[in-house]
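Scroll down for the structure; my scribbles are underneath it.
Because only heavy atoms are used, hydrogens play no part in the values below, and waters and symmetry mates are left out as well, while side chains stay in.
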Amino acid sequence: MQNALDSTDAVPPARRSGRAVSRQVLADHVYTELLTSLMDGRLAPGSAVSIDGTARDLDVSPTPVREALARLEHTGMVRRVALKGYRVAPVFTQEDFAELMEARLAIEPVNARLACERMDQRGMAELKQAVEDLKSAPRGPSFAEFKEYLEADERFHQLIARQTGNQFMEAAYSALGGQIQRFRLFGGVGITDAECAIAEHQAVLDAFSTNEPGKAEAAMAAHIQQVRSRAIAAAPES
C-alpha cells in the first residue's frame with residue numbers, strides 16, 4: 001500500500017499548495033489512486049484496505065476515502081466485510097466471467113437495439129468519438145498507460161445504455177460494474193486484445209450507422225460473446 005501511494009504526485013496540487021479542494025475532486029483523486037494500485041497489483045487480492053491509513057498516505061480526510069471505496073465496491077474490485085472493513089476482491093475466475101458475460105448478453109444487445117431506434121445526432125457523434133479514442137489510446141502495460149483505453153471502452157457502452165432512454169436499462173447496465181473486472185487481467189501486460197476489441201466496437205458503430213436496430217443488436221451480441229471467450233481464456237480457473 002505504501003509503495004502505491006508514497007509519491008508527492010499522489011497529493012492533488014491544490015491540496016499541497018493549501019488551496020481548497022472540492023470534496024468531489026478529492027473523492028475522484030482517491031478513487032483514481034486506489035484503482036491504480038488495484039489494477040497494477042500493488043494492492044493484492046485479499047489484502048485489507050485501511051481507510052485511516054489511506055487517508056494519511058494521500059493527505060486527505062477519511063471521508064473521500066470512504067466514498068472512493070464505496071465506488072470501488074460497486075465495481076466489485078473491493079468488498080466490505082462486516083466488522084473488518086474493506087478487502088481487495090479476488091481476481092475474477094472463469095466462472096465469474098461466464099456469469100458476468102451471461103448478464104451482459106441479457107442486457108447489452110437489447111440496449112443496442114433500443115439505442116439504435118432512439119439515437120440522436122449528438123449521441124451518434126459521441127459514439128464515434130469513443131471508438132476513435134479507443135483506437136488512439138495507449139495500451140499498457142501499467143494502468144497509467146491503458147486507463148484511457150479503459151475509459152473509452154466503458155464510455156462506449158455507457159453511451160449506448162444512456163441512449164436507450166430507459167432509466168431502468170441504464171441502471172441495469174451500471175449495476176454490472178462495467179468493464180473494469182476484465183481490464184484487471186491486463187495489469188503488467190497491457191491490453192492484449194485491442195485489435196479484436198476495436199474491430200468489434202467498430203462493427204457495432206457501423207451497425208448503428210445503418211439505422212437498423214436488429215443489426216445493432218446482433219453486432220453487440222457478437223462483441224460480448226467474443227469478449228466472453230477472451231476473458232474466460234485469460235482468467236484463472238478458480
Side-chain angles (χ1 to χ4, degrees), residues 1 4 31-32 34-49 68-81 86-112 130 134 137-158 160-161 172-204 219-238:
M1 178 68 175
Y31 176 85
T32 299
L34 285 171
L35 180 58
T36 299
S37 294
L38 288 162
M39 295 296 253
D40 286 342
R42 295 193 294 264
L43 285 173
S47 63
V49 183
L69 285 169
R71 287 173 62 187
L72 286 165
E73 184 180 18
H74 177 69
T75 69
M77 293 287 284
V78 299
R79 296 176 180 174
R80 189 172 184 178
V81 182
Y86 287 94
R87 289 191 174 275
V88 180
V91 175
F92 266 23
T93 64
Q94 292 178 349
E95 183 177 358
D96 292 328
F97 275 116
E99 292 182 359
L100 173 61
M101 296 306 168
E102 185 176 57
R104 288 186 64 183
L105 277 169
I107 294 168
E108 292 200 66
V110 178
N111 280 355
L134 197 65
R139 302 174 188 177
S142 70
F143 180 60
E145 294 172 283
F146 69 78
K147 65 181 179 179
E148 291 179 9
Y149 184 99
L150 166 60
E151 188 277 332
D153 195 333
E154 177 68 1
R155 175 160 36 99
F156 181 87
H157 292 269
Q158 285 178 331
I160 290 173
Y173 171 74
S174 296
L176 297 178
Q179 316 271 42
I180 202 164
Q181 288 290 352
R182 185 175 77 90
F183 279 84
R184 201 172 177 187
L185 300 173
F186 297 126
V189 297
I191 307 300
T192 58
D193 67 345
E195 298 305 324
C196 294
I198 289 170
E200 291 157 17
H201 283 84
Q202 183 65 55
V204 173
M220 180 62 78
H223 169 47
I224 301 302
Q225 288 166 347
Q226 291 300 314
V227 171
R228 177 186 183 278
S229 297
R230 294 194 295 270
I232 290 176
E237 292 185 5
S238 61

With distance as the sole test, does [X] use its side chain to make a donor-acceptor pair with the main-chain N or O of [Y] at under 3.5 Å?
{"X": "Asp40", "Y": "Phe143", "result": "yes"}
{"X": "Gln94", "Y": "Ile232", "result": "yes"}
{"X": "Glu200", "Y": "Gln226", "result": "no"}
{"X": "Arg184", "Y": "Pro90", "result": "yes"}

Give me the ring orientation class for His157 and His223: parallel if the planes are under 30° apart, tilted from 30 to 60°, perpendicular past 60°.
->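 Rings of His157 and His223: parallel, under 30°.
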When rounded to the nearest 0.5 angstrom, what distance separates [atom1] in [X] from [atom2] in [Y]?
{"X": "Met101", "Y": "Leu176", "atom1": "CE", "atom2": "CG", "value": "9.5 Å"}
{"X": "Leu69", "Y": "Met77", "atom1": "CG", "atom2": "CE", "value": "11.5 Å"}
{"X": "Glu154", "Y": "Phe183", "atom1": "CD", "atom2": "CZ", "value": "8.5 Å"}
{"X": "Arg182", "Y": "Leu100", "atom1": "CZ", "atom2": "CG", "value": "10.5 Å"}
{"X": "Leu134", "Y": "Arg155", "atom1": "CG", "atom2": "CZ", "value": "9.0 Å"}
{"X": "Arg139", "Y": "Glu148", "atom1": "CZ", "atom2": "CD", "value": "12.5 Å"}

For Glu145, does the CD atom sit with more than 12 other heavy atoms under 6.0 Å from it, leaving out its own atoms?
->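 More than 12 heavy atoms, drawn from other residues, nucleotides or ligands, come within 6.0 Å of this atom.
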Tell me, yes or no, whether the heavy-atom count around Gln202 atom CD, taken from other residues, nucleotides or ligands under 6.0 Å, exceeds 12.
->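 More than 12 heavy atoms, drawn from other residues, nucleotides or ligands, come within 6.0 Å of this atom.
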Could you verify whether a donor N or O on one side chain and an acceptor N or O on the other, from His201 and Asp153, lie under 3.5 Å apart?
->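 Yes - a donor-acceptor pair under 3.5 Å links their side chains.
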Close side-chain approach of Thr75 and Leu35, heavy atoms under 4.5 Å =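 They are not in side-chain contact.
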Report yes if some heavy atom in the side chain of Met220 is under 4.5 Å from a heavy atom in the side chain of Val110; otherwise report no.
->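 Not touching, per the 4.5 Å side-chain cut-off.
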